[in-house]
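Just below is one structure, and these are the notes that go with it.
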Number of protein chains: 2
Amino acid sequence: MASATNESGPTNADTVGLDVVHAEATARLQEAGQRYTSGRRRLVEVLAAAARPVRLPDIEALAPDLARSSAYRNLEALERCGVVERLNAGGDHAYFELAESLIGHHHHLICEDCSEIADIELDSALEHRLAGTLAAIADVAGYVPSHHSVDLYGRCSRCVAAG
Amino acid sequence: MASATNESGPTNADTVGLDVVHAEATARLQEAGQRYTSGRRRLVEVLAAAARPVRLPDIEALAPDLARSSAYRNLEALERCGVVERLNAGGDHAYFELAESLIGHHHHLICEDCSEIADIELDSALEHRLAGTLAAIADVAGYVPSHHSVDLYGRCSRCVAAG
DNA sequence: CTCAGTGCAAAGGATTTGCATGCCG
DNA sequence: CGGCATGCAAATCCTTTGCACTGAG
């Protein structure tokens with residue numbers, strides 16, 4: 001299943017403290033011969049504080065001093081090191097959030113109107129069964145599975161109210 | 001749940017014949033005051049023949065006579081009429097396939113290397129349970145749910161073999 | 001005749017890249 | 001010092017749009 005490399009990993013977004021995230025980021029970057037600079041640290045802090053996937057404009061709003069190109073480059077570096085994950089929810093912008101190995105396996109609830117994304121969790125029995133079924137499907141198809149996503153689309157209460 | 005408007009719908013991609021798809025397309029377009037032109041028909045035929053999501057370059061390769069801008073415009077028109085669906089798998093290009101109301105509810109198996117996408121189905125018991133759980137989650141979050149997706153990522157046998 | 005559809009060329013816009021400079025180790 | 005990191009500006013490239021023309025009813 002998805003957590004095979006994450007046996008002792010967290011199970012929800014609040015399980016791991018920011019200090020642990022910083023430590024992990026430092027270690028994983030160093031392993032790749034890269035530095036955990038203030039810009040990258042800032043990026044991680046923004047993602048941790050948001051507690052939900054954010055787009056580049058959101059990041060710029062929260063940290064106006066970060067140059068756009070550096071933000072993209074650093075997000076990519078953090079992604080390669082397994083600290084950040086990129087989501088494609090289907091708007092103009094990509095979404096970024098801390099990797100599941102840091103904040104735990106989860107899925108997403110997406111508003112089709114305003115594009116806001118919230119993290120959700122399936123009960124572990126269902127998640128387990130889903131993982132098993134998907135593993136079997138991958139096997140039959142000759143795939144080496146890496147991970148899965150479940151996205152729930154709808155309209156949030158605010159957008160419903162707005163008509 | 002997701003199939004609420006699709007009670008008598010097909011359950012897999014081969015259930016519905018091309019003629020039925022054309023009839024549906026004609027009807028849904030006409031309802032919107034639009035014509036089912038040869039270009040649009042061609043597009044639908046390409047999507048039906050592919051039996052998997054395709055990108056615009058794929059479409060151009062299969063139907064070189066279709067102008068790119070017209071292809072995009074027609075895919076959008078067909079999407080608005082519920083004949084085509086657009087996927088965001090996270091590559092450079094968007095993917096298009098016939099709508100679930102025509103080819104049945106399904107999910108996707110995505111190769112992280114070559115970006116090819118295949119359609120997959122969950123057994124109905126699991127799908128039903130998933131739908132129920134997601135409906136409950138949406139309810140708690142105050143969302144009006146519209147649909148869900150399950151994507152399985154991995155590496156296809158060809159890419160694994162290629163190293 | 002009217003109005004939707006088409007194709008070409010140009011615009012739009014998120015993301016990436018080239019390059020010179022700054023800075024940590 | 002050496003190499004990674006940064007920021008600005010310019011380039012890329014998917015997708016959308018403007019506009020004049022064609023075609024079906």
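Throughout, protein chains are lettered first and strands after them, A, B, ... in sequence-line order, and every chain is numbered starting at 1.
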Euclidean distance, atom [atom1] of residue [X] to atom [atom2] of [N] [Å, nearest integer]:
X: B:Glu60; N: C:dG7; atom1: CD; atom2: C1'; value: 13 Å
X: A:Asp65; N: D:dG7; atom1: CG; atom2: P; value: 8 Å
X: A:Leu29; N: D:dC4; atom1: CG; atom2: C1'; value: 12 Å
X: A:Leu75; N: D:dT6; atom1: CG; atom2: C1'; value: 14 Å
X: B:Glu79; N: D:dT15; atom1: CD; atom2: P; value: 12 Å
X: A:Leu78; N: D:dA5; atom1: CG; atom2: C1'; value: 13 Å
X: B:Leu43; N: C:dG7; atom1: CG; atom2: P; value: 11 Å

Using modelled atom types only, decide if a donor and an acceptor are shared between the side chain of [X] and the backbone of [Y] within a distance under 3.5 Å.
X: B:Arg41; Y: B:Tyr36; value: no
X: A:Arg42; Y: A:Ala63; value: no
X: A:Glu60; Y: A:Arg68; value: no

For this session: Identify whether A:Leu78 and A:Tyr95 are in the same connected component of the hydrophobic contact network (ILVMFWY, side-chain heavy atoms under 4.5 Å).
Result: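 No: no chain of side-chain contacts under 4.5 Å links A:Leu78 to A:Tyr95.
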For this session: For side chain to side chain contact (heavy atoms under 4.5 Å, CB included), just list the numbers for B:Val150 and B:Ile120, CA-CA rounded to whole Å, side-chain angles, deciding distance to a tenth of an Å, and then say yes or no.
Result: CA-CA 9 Å; B:Val150 176; B:Ile120 59 176; 5.8 Å; no
Sub-3.5 Å pairs of nitrogen or oxygen atoms, protein against nucleotides 12-15 of chain C:
| residue | atom | partner | partner atom | Å |
| --- | --- | --- | --- | --- |
| C:dA14 | O3' | A:Asp92 | O | 3.2 |
| C:dT15 | OP1 | A:Ala94 | N | 2.8 |
| C:dT15 | OP2 | A:Tyr72 | OH | 2.1 |
| C:dT15 | OP2 | A:His93 | ND1 | 3.4 |
| C:dT15 | O5' | A:Tyr72 | OH | 3.2 |

Exercise. Given C:dT6, is OP1 or OP2 found less than 4.0 Å from the side-chain N or O atoms of B:Asn74?
Worked result: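 It does, given that an N or O in the side chain of B:Asn74 lies less than 4.0 Å from OP1 or OP2 of C:dT6.
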Exercise. Has A:Thr37 got a side-chain N or O lying under 4.0 Å from the OP1 or OP2 atom of D:dT6?
Worked result: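 Yes, because at least one side-chain N or O of A:Thr37 sits under 4.0 Å from OP1 or OP2 of D:dT6.
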Problem set entry | Rounded distance (nearest 0.5 Å) linking atom CD of A:Glu116 with atom NE2 of A:His108 |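 So the gap between those two atoms works out to 13.0 Å.
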List every contact pair, protein side and nucleotides 8-12 of chain D side both N or O, where the distance is under 3.5 Å.
| residue | atom | partner | partner atom | Å |
| --- | --- | --- | --- | --- |
| D:dC8 | N4 | A:Ser69 | OG | 3.0 |

Checking side-chain contact (heavy atoms from CB on, under 4.5 Å) against [X], which of [options] comes through?
X: B:Glu97; options: B:Ile103, B:Val84, B:Ile117; result: B:Ile103
X: A:Val21; options: A:Thr26, A:Val44, A:Leu47; result: A:Val44
X: A:Phe96; options: A:Leu75, A:Leu43, A:Asp58, A:Val46; result: A:Leu75

For this session: Say whether B:His148 and B:Glu127, considering side chains only, have a donor N or O and an acceptor N or O under 3.5 Å apart.
Result: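 A pair is found: one side chain offers a donor N or O, the other an acceptor, under 3.5 Å apart.
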Exercise. Want to settle it: does B:Glu76 or A:Arg40 sit nearer the 5' end of DNA chain D, counting the closest nucleotide to each?
Worked result: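 First, find each residue's nearest nucleotide; the 5'-ward one identifies A:Arg40.
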For this session: Go along nucleotides 20-25 of chain C 5' to 3' and tag each nucleotide: B for a protein heavy atom under 4.0 Å from its base, S when only backbone or sugar atoms are that close, - otherwise.
Result: ----B-
Exercise. What's the verdict on side chain to side chain contact (heavy atoms under 4.5 Å, CB included) for B:Leu18 and B:His22, showing C-alpha distance, side-chain angles and the deciding distance?
Worked result: CA-CA 6 Å; B:Leu18 191 51; B:His22 282 319; 3.6 Å; yes
